[in-house]
Amino acid sequence: MLKGKTVLAGTCGGIALYKVPLLLGRLRDLGADVHVVMTEAATRFVSPLTFQTVTGNPVHTDLFEPPRLWNVEHIALAERADLVVVAPATANILGKAAAGVADDFLSTVLLAARGQVLYVPAMDAAMYAHPAVQRNIALLREFGAEVMEPDRGRLASGLVGPGRYPETERILAACLRLLGPGDLAGRKVVVSAGPTREHLDPVRFLSNPSTGRMGFALAAEARRRSADVVLVSGPTELPPPPEVRVVEVTTAAEMREAVLGEAAGADVVIMAAAVADWRPRERASRKVKKTEGDMELRLVRTPDILAELGRDKGRRVLVGFAAETGDLVENARAKLRAKNLDLIAANPVGQAEDSGFAAVTNRVTLLARDGSVEELPLMTKDEVARTVLDRVVRLLEEV
Ligand code: CTP
């Protein structure tokens, strides 16, 4: 995903520094060429050898390079970098960068950088709250850099408050977005995911084996492309994707309300949820006691959310999924028409282990309103998400 991209990591002396190699390893695994600049203080916390090993590139430190070399090397590095990520960003580097001071390798690089710059502040809560630090952060944002909000929690000082170095996943998501195509910037994308549960009583429900993986992958991919993303999710075990607003629901009726509410201002709605088609007619408020003999369950239909969206489509791009156990293309085509969709991703369920519920991969055939049918090869759900959103971007250009 990051082939051909160069990331320059500026590391400062802070206790959170020991977490940074994890981030850089992930960026490298995704194909990025990662270079590291360490301040002198940083080299006291983690050895340059660690970063050299993780990135596979020589590390730049003030210790080994005399100042006259900065002017040559910093220009080359700063010009090549698609993204400079400063992690952890101490109060000191924020202050120097905001003031335009260039007295070491990292601050010099930051003045020369032409690509995106992401600061990941981590410091004590009192320092973070200081007006000087807040002013510097505001100034850097004004200059066009992105400055992450630190997490709240227990800090190295023992205090509890804002200032914690964020989870690697959150920083990685910000890096991927800043390195991404930005082709959904300014667009609102609503994605539904997971199963719904239709309760018979407080301890029993009808549901299906959906894990939410496909919908979560779509939400993360839409955010990577800079969309404003809302994920309406039934019960799942998955961690929420960073930078995505998650609305948790349980039943089809709750999902309908949340999706229709969010769809009002949306440019794109993707229904990847496995919505239950029926619910027990009554929901008992207490556990139903077993009696001798069989039990008969009366089911009633739940609302078809996607069909309802299709009836009042407006200029929104509507994408559905079709879970089929047979006649994949015919059934999916019928659903595309009946629900007035722009695109439907049909996938076989309940047959092979490499596709459908709970699988990491998926076999998808894409059918579009214009009649085109594209059978995708076996892909991971992340790759399917990328392909579906490529099509969505093209569809948005058409409406
Ligand atoms: N869907 C929905 N509301 C429902 C049922 C389904 O919005 N009550 C959406 C799903 O999220 C999916 C699409 O409709 O995007 C097709 O779902 P699927 O379960 O494949 O088909 P159904 O329409 O339920 O038809 P059938 O169960 O007969 O295959």
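In this text the structure is predicted, and so the values were computed from the model without any measurement. In each ligand, atom 1 is the first atom listed, and ligand 1 is the first ligand listed.
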- Item | R369 and D342 ion-paired at < 4.0 Å | yes
- Partners meeting side-chain hydrogen bond (donor to acceptor under 3.5 Å, both in side chains) with R386 (sequence neighbours left out): none
- Name of the residue among L8, V34, V117, L118 meeting side-chain contact (heavy atoms from CB on, under 4.5 Å) with V85: L118
- Item | ligand 1: protein residues within heavy-atom distance under 4.0 Å | M271, A273, V275, D277, T302, P303, D304, I305, L306, G320, F321, A322, A323, K335, K339
- Item | A359 backbone acceptor or donor facing K381 side chain under 3.5 Å | yes
- Task: For a side-chain contact (heavy atoms from CB on, under 4.5 Å) with V364, tell me which candidate from L378, V388, I344, L376 qualifies.
- Result: L376
- Message: So if I apply the side-chain contact (heavy atoms from CB on, under 4.5 Å) rule between L395 and each of D370, D390, L343, which one comes out positive?
- Response: L343
